[in-house]
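To start, the structure itself, in C-alpha cells.
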Amino acid sequence: QVQMVESGGGSVQAGGSLRLSCAASGYTVSRSCMGWFRQAPGKQREFVSGIDADGRTKYADSVKGRFTISQDNAKNTLYLQMNSLKPEDTAMYYCAARRLWGYCSGPRSRLNEYDGWGQGTQVTVSS
C-alpha cells in the first residue's frame with residue numbers, strides 16, 4: 001500500500017525555521033520525482049520545490065535561497081528545510097510523488113505531473 005506521511009509543520013515567528021519530512025512507503029523514493037506544494041486559504045495549490053531521481057532540484061522563485069529540498073534514500077524520506085520564514089509562507093504543505101512513470105529525470109513543477117499526495121502539514125508564520 002502506497003503511503004506518504006508529512007510531519008514537521010508548526011507555528012513559528014518570521015525569520016524562524018522548520019524542517020518538513022515526508023515518509024514514503026510502498027514505492028521507492030530514489031527512482032521517483034518528489035515535490036513539495038503548498039496551499040494557502042482561498043488560493044490554489046502552488047509548487048514550492050521538486051527533486052528528481054538524479055538529485056537535481058528546482059524551486060519556486062519565492063523560496064529560492066531560503067528553502068532546501070533533499071531526500072534520504074535509505075529512509076525513503078523527503079525533506080524540506082525552510083529558513084528565514086515569512087508570513088506569506090503560511091500554508092498547508094503537501095508532499096507529492098511521481099511514481100507511475102518509471103525512473104524520473106528532471107524535477108517537475110506542475111500539479112498534474114504527480115500522482116501521489118500526502119495529507120498535508122500546516123505551517124503558520126507570524127509577524
Side-chain angles (χ1 to χ4, degrees):
Q1 183 179 355
V2 175
Q3 231 181 351
M4 299 162 65
V5 180
E6 298 103 330
S7 61
S11 297
V12 295
Q13 289 192 328
S17 298
L18 285 172
R19 188 175 84 152
L20 306 184
S21 300
C22 173
S25 60
Y27 71 98
T28 303
V29 166
S30 63
R31 293 183 55 82
S32 307
C33 278
M34 303 289 295
W36 289 98
F37 287 75
R38 67 187 181 187
Q39 188 168 16
K43 295 187 177 181
Q44 291 187 333
R45 192 170 297 191
E46 65 176 6
F47 171 75
V48 175
S49 182
I51 186 169
D52 73 0
D54 297 317
R56 290 175 292 193
T57 59
K58 185 175 184 178
Y59 297 92
D61 288 343
S62 58
V63 307
K64 277 181 185 175
R66 300 188 297 121
F67 291 10
T68 303
I69 190 171
S70 63
Q71 62 189 38
D72 184 329
N73 294 333
K75 295 182 178 180
N76 220 36
T77 298
L78 178 73
Y79 301 100
L80 185 69
Q81 178 66 45
M82 305 186 296
N83 298 328
S84 302
L85 283 161
K86 304 175 181 180
E88 51 263 43
D89 295 319
T90 295
M92 186 72 79
Y93 283 71
Y94 296 91
C95 169
R98 178 180 171 91
R99 304 166 293 120
L100 301 179
W101 287 273
Y103 191 87
C104 186
S105 187
R108 310 302 169 100
S109 59
R110 297 179 182 177
L111 283 166
N112 61 7
E113 294 180 302
Y114 291 89
D115 55 78
W117 295 87
Q119 83 289 350
T121 185
Q122 178 68 36
V123 171
T124 303
V125 185
S126 59
S127 58

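The model shown is predicted, which means the values in this text are computed figures rather than measured ones.
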Fill in: Test log, rule side-chain contact (heavy atoms from CB on, under 4.5 Å), inputs Met34 and Cys95
CA-CA 7 Å; Met34 303 289 295; Cys95 169; 3.9 Å; yes
Item to complete: Using a 4.5 Å cut-off on heavy atoms from C-beta on, say whether the side chain of Thr121 contacts that of Ser7.
Response: no
Discussion item. What's the separation between atom CZ in Phe67 and atom CG in Leu18, rounded to the nearest 0.5 Å?
Written reply: 9.0 Å
Worksheet item: Do Trp117 and Tyr93 belong to the same hydrophobic cluster, where Ile, Leu, Val, Met, Phe, Trp and Tyr are linked whenever their side-chain heavy atoms lie under 4.5 Å apart, directly or via other members?
Response: no
Practice prompt. Specify the closest pair of heavy atoms between Ser127 and Pro87, including all atoms of both residues, with the distance to one decimal.
Written response: CB-CG, 3.9 Å
Practice prompt. Starting from the C-alpha separation in whole Å, work towards a yes-or-no answer on side-chain contact (heavy atoms from CB on, under 4.5 Å) for Ser32 and Arg98.
Written response: CA-CA 6 Å; Ser32 307; Arg98 178 180 171 91; 5.6 Å; no
Fill in: Cation-pi, Trp101 ring and Arg99 (6.0 angstrom, 45 degrees)
no
Worksheet item: Within a strict 4.5 Å, meaning less than it, do heavy atoms of the Met82 and Leu20 side chains meet?
Response: yes
Worksheet item: Looking at Arg108 and Tyr114, what are the two nearest heavy atoms and their distance?
Response: O-OH, 2.6 Å
Worksheet item: With distance as the sole test, does Arg19 use its side chain to make a donor-acceptor pair with the main-chain N or O of Gln81 at under 3.5 Å?
Response: no
Worksheet item: How are the rings of Phe47 and Phe37 set to each other: parallel, tilted or perpendicular (split at 30° and 60°)?
Response: perpendicular
Worksheet item: Checking Thr77 side chain against Asn73 main chain: does a donor-acceptor pair fall under 3.5 Å?
Response: no
Worksheet item: Salt bridge check: are Lys64 and Asp61 linked by an N-O gap of less than 4.0 Å?
Response: yes
Practice prompt. Report yes or no: does Glu6 contribute a side-chain atom to a donor-acceptor pair with the main-chain N or O of Gly120 at less than 3.5 Å?
Written response: yes
Practice prompt. Determine the minimum heavy-atom distance between Leu78 and Ile51, stating which atoms define it.
Written response: CD1-CG2, 3.8 Å
Worksheet item: Would you find a donor on one side and an acceptor on the other, under 3.5 Å apart, between the side chain of Asp72 and the backbone of Ala74?
Response: yes
Practice prompt. Report the C-alpha distance between Leu80 and Ser49 in whole Å, list the side-chain angles of each, state the deciding distance to 0.1 Å, and finish with yes or no for side-chain contact (heavy atoms from CB on, under 4.5 Å).
Written response: CA-CA 8 Å; Leu80 185 69; Ser49 182; 4.2 Å; yes
Fill in: Arg38 to Tyr94, cation-pi by 6.0 Å centre distance and 45° axis angle
no
Item to complete: Taking all heavy atoms of Thr57 and all of Ile69, pick out the closest pair and write down the distance.
Response: CG2-CG2, 3.5 Å
Discussion item. Taking Tyr79's backbone N and O only, do any of them form a donor-acceptor pair with Trp36's side chain (distance below 3.5 Å, no angle check)?
Written reply: yes
Worksheet, complete the sentence: For Gln119 and Met4, the nearest pair of non-hydrogen atoms, with its separation, is OE1-O, 3.4 Å
Worksheet item: Between the main-chain N or O of Val29 and the side-chain N or O of Asn76, is there a donor-acceptor pair closer than 3.5 Å?
Response: yes
Item to complete: Considering non-hydrogen atoms only, spot the tightest contact between Ala53 and Ser30 and give its length.
Response: CB-O, 3.2 Å
Discussion item. Salt bridge or not between Lys58 and Asp52? Use side-chain N to carboxylate O under 4.0 Å.
Written reply: no
Worksheet entry | Value rounded to 0.5 Å, distance of CD in Gln13 from OG in Ser126 | 5.0 Å
Worksheet item: Honestly curious: do Met92 and Val123 fall in one hydrophobic cluster under the side-chain, below-4.5 Å linking rule?
Response: no
Worksheet item: Hey, mind stepping through Val48 and Tyr59 against side-chain contact (heavy atoms from CB on, under 4.5 Å) and telling me if it holds?
Response: CA-CA 6 Å; Val48 175; Tyr59 297 92; over 6 Å; no
Worksheet item: Just checking, any donor-acceptor pair under 3.5 angstrom between side chains of Ser17 and Asn83?
Response: yes
Worksheet item: Distance from Ser11 atom OG to Leu85 atom CG, nearest 0.5 Å?
Response: 11.0 Å
Fill in: Donor-acceptor under 3.5 Å (Thr90 side chain, Val125 main chain)
yes
